[in-house]
Amino acid sequence: MNDNIVIRVEGLTKQFGNFVAVNHISFDVSQGEIFGFLGANGAGKTTAMRMLCGLSVPTSGHATVAGYDVERQPELVKRNIGYMSQKFALYDDLTVTENLRLFGGIYRMSRRDIKLKTRQLLTELNLTNERNAMVRSLPLGWKQKLAFSLAIFHEPKIVFLDEPTGGVDPITRRQFWEMIYRAADRGITVFVTTHYMDEAEYCDRVSIMVDGHIKALDTPAMLKQMFNAPTMYDVFLALARQATRG
Amino acid sequence: MDQPIVIVNDVRKRYRRVEALRGVSMQVDEGEIFGLIGPDGAGKTSLLRILATLLLADGGTATVDGLDVRRDYRRIRQRIGYMPGRFSLYQDLTVQENLEFFATTFNTTIEHNRHLIDDIYQHIERFKRRRAGKLSGGMKQKLALCCALIHAPRVLLLDEPTTGVDPVSRKEFWEMLFKLRDRHGISILVSTPYMDEAMKCDRIALTQDGRFLTINTPQAITSSYAKSLWSVRSDRMHALLDDLRQWPGADTVFSFGETYHVTIKNGHDSEQLRSHIAHRGHNDIHIERIDASIEDAFMALGDNNTANVTL
């Protein structure tokens with residue numbers, strides 16, 4: 001047993017009628033790791049992620065996240081993770097500080113903590129002058145960075161990022177990854193999906209799902225060696241071409 | 001040469017305080033794939049909606065197939081196939097019903113223009129009785145393309161057709177576009193936030209903040225990159241990023257997959273760079289002069305004032 005394992009998945013399966021969306025997947029993720037969760041559309045990534053976040057009950061198999069069982073203790077799982085997706089991250093019609101207060105409240109942070117961390121975060125992001133601005137009025141790049149900071153505002157053990165950089169300009173996309181590095185260096189585990197294959201290179205380990213199965217899981221360097229491929233894009237193509245659904 | 005199929009001249013659009021288009025001009029030649037490449041909020045959707053006659057510009061003029069977008073909007077709609085960014089087919093109609101609906105709307109039949117969609121439709125034909133809302137992302141995208149083609153348009157306006165789509169499906173989608181261009185001579189104006197897709201276009205406009213940074217062939221854009229660009233790797237990549245940024249000769253340092261792309265200021269060279277990082281304790285140092293990609297070019301041309309917020 002390794003005490004540093006914060007996500008443990010064993011034979012996790014989800015079936016909708018006859019359709020096996022996630023088929024007996026198993027893997028571990030260690031504390032502070034940046035874990036890339038890749039796959040073609042329809043491979044089962046979203047379904048697997050929803051189970052890990054305690055939002056969907058597995059048909060069979062087990063998973064513990066931050067030490068809690070996703071099936072029996074979903075509320076404790078939710079309290080110990082952060083989540084950000086491209087589709088939902090912030091309330092557009094609340095101000096920057098209102099968003100922070102709302103999320104801090106949801107995660108049961110004390111008023112004092114919320115106040116303290118809000119000041120700290122606004123300074124870090126250079127957003128102090130914009131603190132009373134509606135989130136809607138911020139440039140997209142700022143929003144994405146704010147959304148990530150918000151997802152880890154309550155210092156979760158793990159943060160789930162679902163295509164966090166879609167549609168973002170190239171410079172902001174790189175700054176965003178530098179924020180991910182810093183969070184990982186602080187010990188926060190990062191579980192991330194992306195369709196940008198250069199971003200797969202930034203992960204410590206990468207898993208690739210095809211038709212509900214995990215077909216490959218290793219460091220980017222090892223995967224490239226195994227598939228005799230120059231880039232992660234080629235690794236992905238080699239694997240995803242085997243897919244029959246999607 | 002024929003008249004360009006799309007002509008955009010000094011088009012402006014403002015939403016309250018946001019200037020979505022700050023006077024842009026471009027032309028799409030007959031039979032080419034023209035890409036609008038840029039992040040969200042660059043103005044791509046506004047321009048496509050103006051050309052699709054769904055939005056009025058505040059200023060400037062635009063024509064599609066020689067017709068004015070303001071005056072001749074009804075005739076333009078017969079000649080364009082528009083695929084909006086959000087899936088906009090009828091979710092509770094089947095695949096076949098959607099296709100029949102769009103064919104009927106344009107006074108034609110599926111059979112009449114079957115040759116145009118055959119290559120694409122064969123991927124989804126086995127699901128023709130499935131409701132559109134129940135299709136996977138890749139299938140929805142193929143159906144939407146079929147519906148945009150069923151009235152045999154002269155030009156396709158595609159708003160981010162590959163956003164959120166995995167690399168394999170994206171590759172397939174581009175192969176379909178090539179066929180439409182090469183076999184059927186359809187002109188295509190397509191927007192995308194994926195910089196790598198720029199290389200698949202005949203010409204592109206790099207778009208940011210309501211402006212075109214440049215318009216040219218992707219090859220011309222990358223080859224006119226003026227800075228001295230180097231790829232750098234070492235055994236300690238996390239530490240290398242900070243060490244590179246602290247070197248006075250480094251102009252910009254950005255991560256690019258498994259390496260960093262560094263531009264070197266005038267008066268400095270790569271040997272100085274090598275000794276700087278060697279002094280900081282790096283081993284297995286690889287430094288190599290490289291050609292710019294579209295993404296390098298975009299970052300060099302772009303206005304970094306908004307993007308470069310200190311973290």
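Sequence lines set the chain letters: A, B, ... in the order given, protein chains first and strands last, and positions in each chain run from 1. The shown structure was predicted, so the numbers you read here are calculated from the model rather than taken from an experiment.
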- prompt: Can you name the closest pair of heavy atoms from A:Ile171 and B:Met299 and give their distance?
  reply: CG1-SD, 3.5 Å

message: Less than 4.5 Å apart, side chain to side chain, heavy atoms only: is that true for B:His238 and A:Asp185?
response: yes

query: Quick one: does B:Asp166's side chain have a donor or acceptor within less than 3.5 Å of a partner on A:Asn41's backbone?
result: yes

message: Less than 4.5 Å apart, side chain to side chain, heavy atoms only: is that true for B:His261 and A:Arg174?
response: no

message: To the closest 0.5 Å, what do you measure between CD (B:Glu295) and OH (A:Tyr196)?
response: 8.0 Å

field: Residue pair B:Met237 / A:Glu201, side-chain heavy-atom distance below 4.5 Å
entry: no

task: Step through the shown structure and confirm whether more than 12 heavy atoms of other residues, nucleotides or ligands are within 6.0 Å of CG on A:Asn228.
output: no

statement: Between A:Gly167 and B:Pro193, the two heavy atoms sitting closest are CA-CB, 3.8 Å

- prompt: Would the number of heavy atoms belonging to other residues, nucleotides or ligands and lying under 6.0 Å from CD of B:Glu175 be above 12?
  reply: yes

task: Looking only at non-hydrogen atoms, find the nearest pair between B:Asp40 and A:Gly166 and report the distance.
output: OD2-O, 4.2 Å

message: Which atoms of B:Leu241 are under 4.5 Å from chain A, going by heavy atoms: the side chain, the backbone, both sets, or neither?
response: side chain

task: Count the heavy atoms of every other residue, nucleotide or ligand shown that sit under 6.0 Å from CZ of B:Arg22, and state whether that count exceeds 12.
output: yes

- prompt: NE2/A:His195 to CZ/B:Arg170 distance, rounded to the nearest 0.5 angstrom?
  reply: 8.5 Å

message: If you count every heavy atom of other residues, nucleotides or ligands that lies below 6.0 Å from B:Arg289 atom CZ, does the total exceed 12?
response: yes

Contact origin within A:Leu237 toward chain B - heavy atom pairs under 4.5 Å: both

- prompt: Crowded around B:Asp291 CG? As in, over 12 foreign heavy atoms under 6.0 Å?
  reply: no

message: Closer than 4.0 angstrom, basic N to acidic O: yes or no for B:Arg245 and A:Glu178?
response: yes

- prompt: Can you tell which of B:Gly41, B:Pro167, B:Gly137, B:Gly38 has the highest number of heavy-atom pairs within less than 4.5 Å of chain A?
  reply: B:Pro167

query: Are the side chain of A:Asp198 and the backbone of B:Phe256 linked by a donor-acceptor contact shorter than 3.5 Å?
result: no

- prompt: Quick check: does any side chain N or O of A:Tyr202 sit under 3.5 Å from a backbone N or O of B:Ser255, one acting as donor and the other as acceptor?
  reply: yes

Interface residue of largest heavy-atom contact number with chain B, from A:Ala221, A:Pro170, A:Gly39, A:Gly141, under 4.5 Å: A:Pro170

